[in-house]
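Residue numbers begin at 1 in each chain, while the letters A, B, ... track the order of the sequences.
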Number of protein chains: 2
Amino acid sequence: MVAQAAGVSPSTVSRLLNGTARVSPEKRATIEVAIEALGFVVNPVASGLAGGRSRCIGVITQALSSPFYGNALLGIEDVLIGANYAPLFVSGHWRPRDEQRCINSLLSRRVDGLIILTPSLPDAELLALARRLPLVVTGRQLTGPGLCSLDFDNHAGAYLATEHLIRLGHRRIAFIKGTASHPDATDRLRGYKAALKAHGIAFDPALTVPGKFIEEGGEQATEHLLASGTAFTAMLAANDQMAYGAALALYRRGLRIPDDVALVGFDDLLGSSYTLPPLTSVRHPIQEIGRQAARAVTALIQGQVCEMQAPAPSLIVRDSCGAAPSVRVSHPV
Amino acid sequence: MVAQAAGVSPSTVSRLLNGTARVSPEKRATIEVAIEALGFVVNPVASGLAGGRSRCIGVITQALSSPFYGNALLGIEDVLIGANYAPLFVSGHWRPRDEQRCINSLLSRRVDGLIILTPSLPDAELLALARRLPLVVTGRQLTGPGLCSLDFDNHAGAYLATEHLIRLGHRRIAFIKGTASHPDATDRLRGYKAALKAHGIAFDPALTVPGKFIEEGGEQATEHLLASGTAFTAMLAANDQMAYGAALALYRRGLRIPDDVALVGFDDLLGSSYTLPPLTSVRHPIQEIGRQAARAVTALIQGQVCEMQAPAPSLIVRDSCGAAPSVRVSHPV
DNA sequence: TTGAAAGCGTTACCAA
DNA sequence: TTGGTAACGCTTTCAA
């Protein structure tokens, strides 16, 4: 270490830099002068090798540019940098294989902890991984040693949205489901059903169509629904992307939102304020979730237990849903 | 190194792993068996320290979740992983300070090269940086030792879009400008002007309004334009986000796209296929640009010179622009 | 083609 | 509170 050329032993410099032990004021001053003079910056590679710690946290997201997870990344980045950790962002592309490759790569880089946003790997793998290093996962309910999880309250969100439509007078509310294998999808469906039940509306399977969580899926689901002749006055999509697709399908059929059909989305993507009409949607405080995940992983690293509490979702009401048209009250309920 | 426990000297193993020198077939076989048996994986931290190379490339984007740059990241990731480099993604948030911090952090991590997507730092800084390590920048025209740049053809894209509108019969074409300090913004404006000129249409400053490259800006610009009473039959927004804002403002005023006003965007974001109506937009082959940047940085590392050629933009025609309404031909030209 | 040995820039342990 | 010294796991001369 260069700083030693201007003073003391390398150990002392290291101790000063890391606050590992007390250093006498005089030595401290001498060292600080030398550091300044030499423009010294620690080499994290070397300290990672020697100390076994890298001050890096691996962050696995499924798509780097996902408008949904993007906000979580922002929160994670902010907290991590503040805690003097460097985030390493990688994307798993929703493929367990890629995710495993990312994990291996991060492990070999000796990251101090790992955050996985909605993992695609099975629970057992994650539990095993958590035994090797501190792990935080979102979008899944999981507990174990060295593991901390934070699930969105999808049930509550879907309940909220459905209830809003019911209060507006809608009784025939279609639901566009997400990918069945996705835990978010099933929870959102459950929330929808629960709200119907709570308001004494029978669940009609004919109103539930699959949309694969993408625009095209929402579009096809809506076309399918319209073609089937099933009557409905409102639609709830299990995510905003499917709602965009649904809006296009309705538009092509000459149906107006909200006049002919009310539409509600889920996730409140940035673009949803600028759809025509602006889309009512369920919002998770996703950036806050990222912040919590980042705090959790640093806590785990310090050997603390951590408790995360998913902040409650809220409904952002915009122009895409209005009262049920009274002329359609005659529809079967 | 563990592999040596099962055979030869660490140097030989290193040579085999890196292809630094020839290894006799027998030794090679023995070593490979040992590697397999021990499940050995190189420690990039250690080899980075010893060799001075990290096989990491730093990638600085301005916003990790940008729908525009996201595709570039995909291309970069793909090529880099294929070349056995690991990308390190960080975001500069369009702030020179953050960008500098990112650069320092990546430098201290000893990345072998750097890709900066549309840097916010001044040219001089970038030129200086390129002297320290191989650097590739996009969205800017810059040459120097160890430096390679790839600019989008913004001029051609804007020309293409404007010409399309002119061919549809539009003469009064409003233009929503991006942030003035952004080089993309000025090139797009130039392209618009050039197309007008080529078709004998006088440039009217009253038709050019600033929109800051964001939805809200496009919305306000459009409101401003409508309030000003300036006649126009078409609008070209310097990016899709502003086009979304413009669409909302038109919608609020009861103006229909494309019947009352034709609208064209720029960048062809994923969402633009699903706006109402789907948006005609200029598309850069942005993923290909990412791939080129990644190839360029690996070439630079190997000491090769590199030539990058920005692929030509194309116009994706959707439903948001139709022929100019003949009833409006009386508008001042 | 191979091995021995000297680092790379830190941290961590042990003695002082 | 300090310094000495041995790692950390690999690459890279230099000789053989």
Trainee: Got a sec, which residues hit side chain to side chain contact (heavy atoms under 4.5 Å, CB included) with A:R55, two or more places apart in sequence or on another chain?
Mentor: A:N84, A:Y85, A:D112
Trainee: Using a cut-off of strictly less than 4.0 Å, decide whether B:N18 has a side-chain nitrogen or oxygen near OP1 or OP2 of D:dT11.
Mentor: yes
Trainee: Which residue pairs pass the ring pair (Phe, Tyr, Trp, His ring centres under 6.0 Å) test with at least one member in residues 94-117 of chain B, sequence neighbours excluded?
Mentor: B:W94-B:H182
Trainee: Hey, could you give me each pair passing ring pair (Phe, Tyr, Trp, His ring centres under 6.0 Å) that has a residue in residues 122-152 of chain B? Not counting sequence neighbours.
Mentor: B:F68-B:F152, B:F152-B:H284
Trainee: Okay, side chain of B:S66, backbone of B:Q62: is any donor-acceptor separation there less than 3.5 Å?
Mentor: no
Trainee: Quick one: which residue pairs count as a ring pair (Phe, Tyr, Trp, His ring centres under 6.0 Å) with a foot in residues 107-129 of chain B, not counting sequence neighbours?
Mentor: none
Trainee: Taking atom P of C:dT1 as reference, at what distance in whole Å does atom CD1 of B:I31 sit?
Mentor: 13 Å
Trainee: For a 4.5 angstrom cut-off between non-hydrogen side-chain atoms, does B:L129 reach B:I116?
Mentor: yes
Trainee: To the nearest Å, how far apart are B:I35 CD1 and D:dG9 P?
Mentor: 16 Å
Trainee: What does the list of N/O pairs under 3.5 Å between the protein and nucleotides 14-16 of chain C look like, with a distance for each?
Mentor:
none

Trainee: Going by heavy atoms closer than 4.0 Å, what residues in residues 46-57 of chain A are next to DNA chain C?
Mentor: A:A46, A:S47, A:A50, A:G51, A:R53
Trainee: For B:A50, give me all partners under side chain to side chain contact (heavy atoms under 4.5 Å, CB included), at least two apart in sequence or on another chain.
Mentor: none
Trainee: Answer with base, sugar-phosphate or nothing: what part of the nucleic acid does A:V42 contact at a heavy-atom distance below 4.0 Å?
Mentor: sugar-phosphate
Trainee: Using the side chain to side chain contact (heavy atoms under 4.5 Å, CB included) criterion, which residues pair with B:N104? Sequence neighbours excluded.
Mentor: B:Q100
Trainee: Under 6.0 Å from the CD atom of B:Q309, do we count more than 12 heavy atoms belonging to anything else shown?
Mentor: no
Trainee: Would one find a side-chain N or O of A:S14 under 4.0 angstrom from OP1 or OP2 of C:dA12?
Mentor: no
Trainee: With sequence neighbours left out, what residues match A:C148 under side chain to side chain contact (heavy atoms under 4.5 Å, CB included)?
Mentor: A:V136, A:A296, A:L300, A:C306, A:M308
Trainee: Report the distance from atom CG of A:L16 to atom P of D:dG3, rounded to the nearest whole Å.
Mentor: 12 Å
Trainee: Output yes when at least one side-chain N/O atom of B:S11 is less than 4.0 Å from OP1 or OP2 of C:dA4, else no.
Mentor: no
Trainee: Please determine if a side-chain N or O atom of A:S9 lies less than 4.0 Å away from the OP1 or OP2 oxygen of D:dG4.
Mentor: no
Trainee: Let me check something: any side-chain donor-acceptor pairs from residues 69-76 of chain A under 3.5 Å, sequence neighbours excluded? List them with distances.
Mentor:
{"unit_1": "A:Y69", "atom_1": "OH", "unit_2": "A:T118", "atom_2": "OG1", "d": "2.7"}

Trainee: If only side-chain N and O atoms of A:T12 are considered, is one of them under 4.0 Å from the OP1 or OP2 phosphate oxygen of D:dT2?
Mentor: no
Trainee: For the helix from C:dT1-D:dA16 to C:dA16-D:dT1, what angle lies between the axis at the first five pairs and the axis at the last five pairs, to 10 degrees?
Mentor: 30°
Trainee: Measure the distance from CG on A:L17 to C1' on C:dT10 and round it to the nearest whole Å.
Mentor: 10 Å
Trainee: Tell me, please, which residues at least two apart from B:R140 pass salt bridge (charged side-chain N to carboxylate O under 4.0 Å, His left out).
Mentor: B:D123
Trainee: Let me know the distance between CG of B:N43 and C1' of D:dC8, rounded to the nearest Å.
Mentor: 8 Å
Trainee: Let me know the distance between CD of B:E26 and P of C:dT1, rounded to the nearest Å.
Mentor: 11 Å
